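For clarity, every value in this text was computed on a predicted model and none was experimentally measured. Chain identifiers are assigned alphabetically (A, B, ...) following the order of the sequence lines, protein sequences preceding nucleic acid strands; residue numbering begins at 1 within each chain.
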Protein chains: 2
Amino acid sequence: MNEKYERQMKKGVLDLLVLKLLEKEPKYGYQLITELRDKSGAVFLLKEGTLYPILYRLEEEGLVESRWSEPKDRQVPRKYYAMTEKGRQTLPEIADVWRQISRGIRQVMEEEEV
Amino acid sequence: MNEKYERQMKKGVLDLLVLKLLEKEPKYGYQLITELRDKSGAVFLLKEGTLYPILYRLEEEGLVESRWSEPKDRQVPRKYYAMTEKGRQTLPEIADVWRQISRGIRQVMEEEEV
DNA sequence: TCTATATACTTTGTATTACTAAGTATATTA
DNA sequence: TAATATACTTAGTAATACAAAGTATATAGA
C-alpha cells in the first residue's frame, strides 16, 4: 500500500475497531493486536506503541476500564480491558460517524462512474 | 456527528476526494468546496483554511498544477487546479488504499454480526 | 546451557493534517 | 450603503499513528 496515505486514512478508526472488539468480552492488549490483524485481513498491523496508547486514552475517557489478571500457573500478567457503560453508549455513535463518512466518500467516488 | 471522531476519521481521505474531483477537468478552490459539499451530502463541509492548504500540498507533490485565470468581464481571478500525469498515476493507488482500509474495517465491524 | 523468539506492557519523540481564526479583496444584492 | 457571497492566503493548534527503545517472562531450538 501507499504508506503515506495509508497512515493518514487509518486515523480515527482505530478507536472504533478496538471498542468493537471489546464489545463482547474483555481482552488484553496483545490479544487485540492479533485479532485486529487476523480479522482485518492484515490491513491493520498495529505495533504496541500504537495500540497501548489508544487503550490508555480510551480508559482516560471512561470508555473502557482495565484490571490486571492475577497470573495463574506461571503466566505472564495481562492487563484486561473491558467496556464501560459509557463505552457501550458511545460505540454506536462512533460507528455511525464512520458510516456517514464512508457513505459521503462513496458518493463522491462513484459520482459519474455509471 | 460526534465531532471529535469525525475530525480524525476524515484524515487522509480529503486528498483522495480532491484528486477525484479534478479527474475530469480543472477546477478552482471555491468550486471544489461547493462540489464536495453537494456530492457528499453535506458530510464534507470544508473551510477555505482546510482546502487550500491541501491544494498547495498536492501541487508541491506534483499531483496537480495551478494557473490563474485571466479574469474576463470583471470576474474575480480564480486559480485553477489541474491534474498532472503523476496525479493520474497516483489517484488509483490512493483509491486502492481507501478500498483496502474500508474493507478491513467492514470485516472487523461485521464480524459475528450474523 | 545458551540463544532466539514470542508474549506482554510502557514511554518518548516525531510527522502529518484537519481545523480555527484572522486577514485581504472583489462582485452582487438588499 | 451595508451585507453577503465569492475567492484566496496564512499562522497557529490539537490530535494521533507510528518508530524506536526499553523492561520482563516463557518457550523452543541448537
Checklist entry - To the nearest angstrom, how far is B:Leu16 atom CG from C:dT17 atom P? => result 13 Å

Checklist entry - Taking N and O atoms by type only, does the side chain of A:Lys11 place a donor or acceptor under 3.5 Å from a partner on the base of D:dT16? => result yes

Checklist outcome for this item: A:Arg37 CZ to C:dA8 P, in whole Å, measures 12 Å

Checklist entry - What integer distance in Å separates B:Leu55:CG from D:dC8:C1'? => result 11 Å

Item to check | d(CD, A:Gln8; P, D:dA14) in whole Å | outcome: 18 Å

Next on the checklist: Pick the closest DNA chain C nucleotide for B:Val13 and for A:Gly29 by heavy atoms, then say which residue is nearer the 5' end.
Outcome noted: A:Gly29

Checklist entry - What's the NZ-C1' distance between A:Lys27 and C:dT7, to the nearest Å? => result 18 Å

Next on the checklist: Could you report the tightest heavy-atom contact between B:Phe44 and A:Gly104, atom names first, then the distance?
Outcome noted: CE1-C, 4.2 Å

Next on the checklist: Between B:Glu60 and B:Arg57, does any side-chain N to carboxylate O distance fall below 4.0 Å?
Outcome noted: no

Item to check | For atom NZ of A:Lys10 and atom C1' of D:dC18, their distance in whole Å | outcome: 10 Å

Item to check | Heavy-atom pair of closest approach, residues B:Leu36 and B:Ser40 | outcome: O-OG, 2.7 Å

Item to check | From C:dT17, C:dT10, C:dT7, nucleotide with atom closest to B:Arg57 side chain | outcome: C:dT17

Next on the checklist: Quick check for you: among C:dA18, C:dC9, D:dT16, whose closest atom lies nearest to any side-chain atom of A:Tyr52?
Outcome noted: C:dC9

Next on the checklist: Show the nearest heavy-atom pair for residues B:Leu17 and A:Met109, with the distance to one decimal.
Outcome noted: CD2-SD, 4.0 Å

Item to check | Length of the CD-P vector between A:Glu6 and D:dC18, whole Å | outcome: 7 Å

Item to check | d(CD, B:Glu48; C1', C:dT20) in whole Å | outcome: 12 Å

Item to check | Minimum-distance nucleotide to A:Tyr56 side chain [options: C:dC9, C:dA18, D:dA17] | outcome: C:dC9

Checklist entry - Which nucleotide sits closest to the side chain of B:Ile54: D:dT9, C:dA18, D:dA17? => result C:dA18

Checklist entry - If you check the B:Lys79 side chain, which of D:dC18, D:dC8, C:dA8 turns out closest? => result D:dC8

Checklist outcome for this item: By nearest-nucleotide position on DNA chain C, the 5'-leaning member of B:Lys47 and B:Glu61 is B:Glu61

Item to check | Candidates D:dA17, D:dC8, C:dC19 - which lies nearest the side chain of B:Thr50 | outcome: C:dC19

Checklist entry - Has B:Tyr28 got a side-chain N or O lying under 4.0 Å from the OP1 or OP2 atom of D:dC8? => result no

Checklist entry - Of all the choices, D:dA17, C:dC9, C:dA18, which nucleotide is nearest to the side chain of B:Leu14 once you look at every atom? => result C:dA18

Checklist entry - Looking at B:Leu22 and B:Met83, what are the two nearest heavy atoms and their distance? => result O-CG, 3.7 Å

Next on the checklist: Strictly below 4.0 Å: does B:Arg7 bring a side-chain N or O up to OP1 or OP2 of C:dT16?
Outcome noted: no

